[in-house]
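Here the structure is laid out as structure tokens; the discussion comes afterwards.
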Amino acid sequence: MENSKLRKDKAILSVEDVVVKFGERSVLNHVNFEVYPGEFVGLIGANGAGKSTLLKVILGLLSPTKGNVKLTGSNGKTAKHTIGYVPQKIFLEPNIPLRGRDLVALGLDGHKFGIPLPSKKKEKLVNEILEAVDALRYADSPIGKLSGGEQQRLLIAQALLTNPEILILDEPLSNLDIKSAYEIVNLVSRIGRERKTAVILVAHDMNPLLGVMDRVLYLADGKAVMGQVKEVFQTDVLSKLYGYPVEVLHVKGRIMVLGGLEQENINANFKTSEVTS
């Protein structure tokens, strides 16, 4: 169920038979997938499906009980700055004395002690990345006064400063209005194509991702299936993933996954023909 057009390059991320257990409880169960340079992957799953645990394993914050995660840079070796990470939300005091460009610059200086020293080279790099995410116009504004969408752009800029080969965004759309959500998705998609940066975007609502993502990684009860939307959202595929019969319905352009007492609304507002064709 993989898109052959993405197989021209070697995988930049390989998750191989990953199992994570906390005591007797299995959180991830033999998860396998690969991500390729420039590929846009939507990571979809309900709360408790294992998305956060999977991200921690990929980021090296949690060692799997079994299995391996391999990150390979474009030079064929494990790259120090392979991954850029954008957290779900930052909590900022409205009156915090920090400008947008200062937040972005933390992507270079945040791990160092003391006050960052000014540098023309760093300033040039920050300006370039601010321009890339279309955030120069509010770069000197206090970050506490910016909207959620504007703050997300700054966080994306911060993550891109080290020129990562994979950009991971942890539910960046959850606190945004519909217009801002689409803007962020289109921004990330454009940057991924231009820089040949792989993108993994975690979301509950995949509707904003449909026009840009190459594949979807669907998690349910710690198990995963990966493929194109029309391949994954099939009754037999998801029934096997959940381990009990579910039914995939197309209702007025939306996908509904129904099973027993559980009903999961994937909230995909798109034409049925785009999935079934």
Side-chain angles (χ1 to χ4, degrees), residues 1-2 10-36 39 41-73 78-89 159 164-174 198-206 209 213 215-227 229 231-248 257-266:
M1 293 197 304
E2 295 187 354
K10 292 184 178 179
I12 193 169
L13 168 66
S14 298
V15 175
E16 302 173 347
D17 199 33
V18 164
V19 174
V20 174
K21 290 186 176 182
F22 297 135
E24 296 298 318
R25 184 169 67 94
S26 293
V27 181
L28 294 178
N29 297 293
H30 302 284
V31 174
N32 291 275
F33 66 92
E34 293 181 332
V35 177
Y36 294 82
E39 181 177 19
V41 174
L43 174 53
I44 309 296
N47 289 332
K51 301 191 303 296
S52 296
T53 300
L54 178 58
L55 289 189
K56 289 178 182 178
V57 171
I58 295 173
L59 293 169
L61 302 176
L62 178 66
S63 297
T65 306
K66 178 185 177 183
N68 298 289
V69 173
K70 295 180 180 179
L71 293 165
T72 306
T78 300
K80 180 179 179 181
H81 298 298
T82 297
I83 296 179
Y85 175 68
V86 180
Q88 179 177 351
K89 179 68 176 176
E165 300 193 49
I166 302 175
L167 183 63
I168 296 178
L169 303 100
D170 187 3
E171 299 195 24
L173 315 180
S174 60
V199 173
I200 301 176
L201 194 152
V202 183
H204 286 293
D205 178 5
M206 71 176 185
L209 311 183
M213 68 177 172
R215 291 187 295 164
V216 57
L217 176 62
Y218 191 107
L219 279 179
D221 195 27
K223 294 173 288 184
V225 62
M226 191 176 200
V229 172
E231 298 172 314
V232 170
F233 287 96
Q234 298 289 337
T235 294
D236 57 340
V237 173
L238 293 188
S239 293
K240 182 178 179 180
L241 181 66
Y242 277 99
Y244 57 83
V246 303
E247 187 173 1
V248 179
V257 180
L258 307 176
L261 297 177
E262 180 176 346
Q263 173 175 322
E264 183 174 352
N265 183 356
I266 304 305

Report the C-alpha distance between Leu219 and Val225 in whole Å, list the side-chain angles of each, state the deciding distance to 0.1 Å, and finish with yes or no for side chain to side chain contact (heavy atoms under 4.5 Å, CB included). CA-CA 7 Å; Leu219 279 179; Val225 62; over 6 Å; no
I need the Lys51 NZ to Glu171 CD distance, nearest 0.5 Å. 5.0 Å
Exactly one of Ile58, Thr82, Val199 should register a side chain to side chain contact (heavy atoms under 4.5 Å, CB included) with Ile166. Which one does? Thr82
Hey, what do you get for CG (Asp236) to CD (Glu247), rounding to the nearest 0.5 Å? 12.0 Å
Are the side chain of Ser14 and the backbone of Glu34 linked by a donor-acceptor contact shorter than 3.5 Å? no
Under a 3.5 Å distance rule, please check whether Lys223 uses its side chain to pair with a backbone N or O of Asn29 as donor and acceptor. no
Side chain to side chain contact (heavy atoms under 4.5 Å, CB included) between Met213 and Val229: does it pass, once the steps are laid out? CA-CA 9 Å; Met213 68 177 172; Val229 172; 3.3 Å; yes
Do Pro87 and Asp170 touch side chain to side chain, with heavy atoms closer than 4.5 Å? no
Do Glu165 and Leu71 touch side chain to side chain, with heavy atoms closer than 4.5 Å? no
I need the Leu43 CG to Leu54 CG distance, nearest 0.5 Å. 6.0 Å
From the list Ile44, Val41, Leu55, Leu169, side chain to side chain contact (heavy atoms under 4.5 Å, CB included) partner of Val202 resolves to Leu55
Does some side-chain heavy atom of Glu16 sit less than 4.5 Å from a side-chain heavy atom of His30? no
Just by distance, do the side chain of Lys66 and the backbone of Val19 share a donor-acceptor pair under 3.5 Å? no
Atom pair CG/CG of Leu209 and Leu173 - distance to nearest 0.5 Å: 6.5 Å
Do Leu13 and Ile200 touch side chain to side chain, with heavy atoms closer than 4.5 Å? yes
Walk me through it: do Leu238 and Phe233 pass the test side chain to side chain contact (heavy atoms under 4.5 Å, CB included)? CA-CA 7 Å; Leu238 293 188; Phe233 287 96; 3.9 Å; yes
Minimum heavy-atom distance Pro164-Gly84, with the two atoms named: CB-N, 3.3 Å
For Leu28 and Gly50, which heavy atoms make the closest approach, and how far apart are they? CD2-O, 3.7 Å
So, does Thr235 use its side chain to make a donor-acceptor pair with the main chain of Val248 at under 3.5 Å? yes
Tell me, do Val57 and Pro64 make a side-chain contact under 4.5 Å, heavy atoms counted? yes
Can you tell if the side chain of Ile12 reaches within under 4.5 Å of the side chain of Tyr36, non-hydrogen atoms only? no
Answer yes or no: is there a side-chain heavy-atom contact under 4.5 Å between Val18 and Val69? yes
With rounding to the nearest 0.5 Å, note down the distance linking CD1 in Ile168 to OH in Tyr85. 8.5 Å
Exercise: identify the closest heavy-atom pair between Val31 and Ala224: CG1-CB, 3.9 Å
Compare all side-chain heavy atoms of Val15 with those of Asn32 and state whether any distance is below 4.5 angstrom. no
Could you check whether any side-chain N or O of Thr65 sits under 3.5 Å from a backbone N or O of Lys21, counting only pairs where one atom can act as donor and the other as acceptor? yes
